[in-house]
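Predicted model, so just to flag it, every value in this text is computed and none were measured.
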Amino acid sequence: MTYRVCFVCTGNICRSPMAESVFRARVEDAGLGGLVEVDSAGTGGWHEGDPADPRTVSVLEEHGYDSAHAARQFQSSWFARLDLVIALDSGHLKALRRLAPTPEDAAKVRLLRSYARPSPDHDPSTSASHTSSEGAGDDLDVPDPYYGGRDGFEECLDMVEAASKGLLAAVRAQVEGQPA
């Protein structure tokens, strides 16, 4: 059974395609490519069909990641086929949980950076389905680099890479049915 993860930011041209590319590479490197499907979307449809922002593409390619992408808008109906919906900031988290058709679907939505700093009582076998608080705060947000310079895209990549390790451990535990 394929485990499906979707990363979501605002317009699906900066943060979420970056997270998608990085996580897909992590999944492939871990030998889970046939078991885990990774994609991304935006909360809005302003950029539907557009490629990723050129700065995102540049940073991804410089660091050895694939940059092929076409933006799309997240749809409520997708919850039925997704196992995990990863929000890039707390605004996306709230918007996605409001969009969820059921409480079970809302529980699938997590902040990416919540996987970067596990708590002392962290159990990796339950990370992909843990319940985080609504008010997780800006400290777990991946800031939107769109209106800034290239350094913001580099910072975004650093945050995405750091959180992807913990996310991979959580997803691996769900896929393999054992602690990572």
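- Of all the heavy atoms in R26 and S164, the pair that sits closest is CG-CB, 4.1 Å.
- Checked options Q174, E37, R172; the residue passing with Y3 is Q174 (criterion: side chain to side chain contact (heavy atoms under 4.5 Å, CB included)).
- Note: S90 OG to L140 CG = 8.5 Å, rounded to the nearest 0.5 Å.
- Between the side chain of Q73 and the main chain of G42, no donor-acceptor pair closer than 3.5 Å is present.
- Between R24 and E28 there is no salt bridge, since no side-chain N of the basic residue sits under 4.0 Å from a carboxylate O of the acidic one.
- From C9, atom SG reaches atom CD1 of I86 across 13.0 Å, with rounding to the nearest 0.5 Å.
- Between E154 and H63, the closest side-chain pair of non-hydrogen atoms falls below 4.5 Å.
- Residues V8 and F74 approach most closely at CG2-CD1, 3.8 Å, considering heavy atoms.
- For the pair K108 and D83, the minimum side-chain heavy-atom distance is 4.5 Å or more.
- Looking at every heavy atom in both residues, C156 comes nearest to V142 through SG-CG1, 3.6 Å.
- In this structure the side chain of M18 never reaches within 4.5 angstrom of the side chain of C14, judged on heavy atoms.
- For the pair F23 and V38, the tightest heavy-atom approach, listed with the atom from each and the gap, is CD2-CG2, 3.7 Å.
- Annotation: side chain of L112 is in contact with side chain of V160 (closest heavy-atom distance under 4.5 Å).
- H47 and A71 get closest at one heavy-atom pair: O-CB, 3.2 Å.
- Rounding to the nearest 0.5 Å gives a distance of 9.0 Å between CD of E48 and CG of N12.
- For D141 against R113, the heavy-atom pair with the smallest separation is O-NH1, 3.2 Å.
- A donor-acceptor contact shorter than 3.5 Å links the side chain of R97 to the backbone of V109.
- In terms of modelled atom types and a separation under 3.5 Å, the side chain of S40 and the main chain of F7 share no donor-acceptor contact.
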